[in-house]
Amino acid sequence: IVEHFVTIQLFRLKKFNKWEVQVMNKQERSTITDLGKCNFRDVCSYFQQKSEERKARSKEEKQEEKKKNEALIEEFGFCDWDGHREKIGNFRLEPPGLFRGRGNHPKMGKLKKRIIPENITINCSKNSKIPKPPAGHKWKEVRHDNAVTWLVSWTENVQNQNKYIMLNPSSRVKGEKDWQKYEVARNLKSKVDRIREDYMRDLKSDEMMVRQRAVALYFIDKLALRAGNEKEDGESADTVGCCSLRCEHIKLHKHLDGKDFIVEFDFLGKDSIRYYNKVPVLKQVFKNLVLFTENKEGPDDLFDRLNTSTLNKYLNSLMDGLTAKVFRTYNASITLLNQLLELTDPDDENVASKILSYNRANRAVAVLCNHQRAAPKNFSEQMGRMNEKIEKKQRDIQDAKQETKSAKSDYKHNKSEAKRKAYEGKKKKVERLQEQLIKLEVQATDKEENKEIALGTSKLNYLDPRITVAWCKKYSVPIEKCYNKTQRDKFAWAIAMVDDTYVF
DNA sequence: TATGAAACTTAGCACTCTCTAA
DNA sequence: TTAGAGAGTGCTAAGTTTCATA
């Protein structure tokens, strides 16, 4: 209960005002009637002290702990899957605590209860070594279902949803699924022209549902919007995707900033990340949007005749495996490919500038998919320090050039070996400094452009890794520059498969 | 056709670890 | 040696899609 109150206090400190006390007994409830009158300072400082102690551990202690952790991973972090030893993704259960949720979540502050063995379902083969529950406990169920990939499941009490323990992305099942996903997206590449023709035609359909479907598809394709399932009111934060857009989420401008037919989007998407975009659209799309919003209020559905289910059913009839989210994968990957083609300078041998091009291509995708992040702490100070460094380097170069000049004239007047060497040395120094300057400038540009953009999500989930692998091979960029160890493990299938001729 | 559960992918944040430069 | 930045990792919420059932 102490931990519970500490967390509640933390919520309060962060100006969150919803909480509930589900863990108090009768007596506690009668004693504690107003949390505002409770003083958690001692509890708080207790945990702060614990945290300080942890930070102050000696090297040996840290080593010791690391070893113990590795042993734990060794014992519980792997499973046997069809005779292969596979890494498990999340083998530690979620601890009890207060549910936060993202954005303005109605269930924020509810108690997430401790999971006990009686909540746990184990899924493994019949003839395998079935894990034993802790003494005095029983599993909820042990089943042997090879049609699913999870090893353990339980029901989380706040949202009443199933949670699973599954394999790590480096595992074979996950890798094969990933590969399959990109194959579907590649398949879309050959069908997309036809599909686009279809929805262009459908923009003028007599049937309202078809028109709405066409406009929704236009958004999903052009803007990489998510499908947008309906959500139960009051169960989660108010966020939307394409099909669940409401009239209040768009503004229609016949003319804006010298352009025609502008749609201004402003809504909260997944994780309550704001999507704000002013987009010029086709005249017919604009006309349709005017039509769809006629006689409606802000909270009314924009696409009242459409939902993700009917949309996906239609898409599946156009191509095997096609769903709304395939467009995101396809458009992300094709954007990376096109941007790489456009931004890579084959004559520039410098690996750092190649990587800048790659990151920029990656960034174009992140912008398309609206993958944002909070700007890093002290960002402007960091930027300032970097710029100072650049200026200093520029001064150093000026100085070094001056020195080179005088070394050169020295050598002219005295053609000795020593003078020649001195001159050569100075020249080398200038070159070295100039290279360092370029590297610094590249770093600064990259950092500035990346201020509020998260590259990781698209790299991990939307970009066909074979495009990256092939690009690296083509331009002799070591794959380590694009993918770290974990990413190389996840994309092992792609790295093994592809040479520089791969075409998405 | 609607509804809800199940199973899976996608998402950003906070933390820790590691590297670098002063 | 140390602080600070950046890279890497863990965590778990929040989506999408599929499937079963009414």
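In the text below, chain A, chain B and the rest are named by the order of the sequence lines, each starting its count at 1. Given the structure is predicted, the values throughout are model-derived calculations rather than measurements.
A heavy atom lying under 4.0 Å from DNA chain C marks none of the residues of residues 327-337 of chain A.
Residue A:Tyr462 places no side-chain N or O under 4.0 Å from the OP1 or OP2 atom of B:dT9. A sub-4.0 Å separation between OP1 or OP2 of B:dA11 and a side-chain N or O of A:His371 is present. Dashed line: the shortest gap from a side-chain N or O of A:Gln159 to OP1 or OP2 of C:dA14 is under 4.0 Å. Considering only side-chain N and O atoms, A:Lys163 lies nowhere under 4.0 angstrom from the phosphate OP1 or OP2 of C:dC11.
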Restricting both atoms to N or O, compile the protein contacts to nucleotides 4-7 of chain C shorter than 3.5 Å, with distance only.
from	atom 1	to	atom 2	distance (Å)
C:dA5	OP1	A:Arg385	NH2	2.1
C:dG6	OP1	A:Lys447	NZ	3.0
C:dG6	OP2	A:Gln382	OE1	3.0
C:dG6	OP2	A:Lys447	NZ	3.1

Heteroatom pairs (N/O) under 3.5 angstrom, protein to nucleotides 4-8 of chain B:
from	atom 1	to	atom 2	distance (Å)
B:dA6	OP2	A:Asn162	ND2	3.3
B:dA7	OP1	A:Trp150	NE1	3.4
B:dA7	OP2	A:Trp150	NE1	3.3
B:dA7	OP2	A:Tyr164	OH	2.9
B:dC8	OP1	A:Thr149	N	3.4
B:dC8	OP2	A:Thr149	N	3.0
B:dC8	OP2	A:Thr149	OG1	3.1
B:dC8	O5'	A:Thr149	OG1	3.4

Got a list of protein N/O to nucleotides 17-21 of chain C N/O distances below 3.5 Å?
from	atom 1	to	atom 2	distance (Å)
C:dT17	OP1	A:Thr323	OG1	2.7
C:dT17	OP1	A:Ala324	N	3.2
C:dT17	OP1	A:Lys325	N	2.7
C:dT17	OP2	A:Asn312	ND2	2.8

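Sorted by first then second residue, the ring-ring contact (aromatic ring centres under 6.0 Å, His included) pairs that include residues 224-246 of chain A, not counting sequence neighbours, number zero.
A:Asp271 has its CG atom 18 Å from the P atom of C:dC11, to the nearest Å. The interatomic distance linking A:Asn90 (CG) with C:dA13 (C1') rounds to 13 Å, in whole Å. A:Asn461 has its CG atom 14 Å from the P atom of C:dT16, to the nearest Å.
Cation-pi geometry between A:Arg85 and A:Phe78 is satisfied (NZ or CZ under 6.0 Å from the ring centre, within 45° of the ring normal). Stacking of A:Arg213 on the aromatic ring of A:Tyr199 is not recorded, the 6.0 Å distance cut-off and the 45° axial limit not both being met.
At a threshold of 4.0 angstrom between heavy atoms, the contacts of A:Lys459 with the nucleic acid are absent. As judged by a 4.0 angstrom heavy-atom cut-off over every strand, A:Arg226 is placed among residues touching the sugar-phosphate backbone only. At the heavy-atom level, A:Gly456 lies nowhere under 4.0 Å from the strands shown. The residue A:Lys485 sits apart from the nucleic acid: no heavy atom pair falls under 4.0 Å. When heavy atoms are screened at a 4.0 angstrom cut-off, A:Ile273 is found touching the sugar-phosphate backbone but no base atom. Residue A:Gly269 is in sugar-phosphate contact alone, with no base atom involved, counting any heavy-atom pair closer than 4.0 Å across all strands shown. Nucleic acid contact for A:Pro169: none, since no nucleic acid atom lies under 4.0 Å from a heavy atom of the residue.
Each of A:Phe91 and A:Gln487 was assigned the nucleotide of DNA chain C with the nearest heavy atom; the assignment lying further toward the 5' end belongs to A:Gln487.
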What is the per-nucleotide protein-contact pattern of nucleotides 17-22 of chain B, from the 5' end, where B denotes a base atom under 4.0 Å from a protein heavy atom, S denotes such proximity for sugar-phosphate atoms only, and - denotes neither? -S----
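With hydrogens and angles left out, the side-chain atoms of A:Arg466 and A:Tyr182 include no donor and acceptor closer than 3.5 Å.
Between A:Tyr358 and A:Trp471, the two ring planes are tilted [angle within 30° to 60°].
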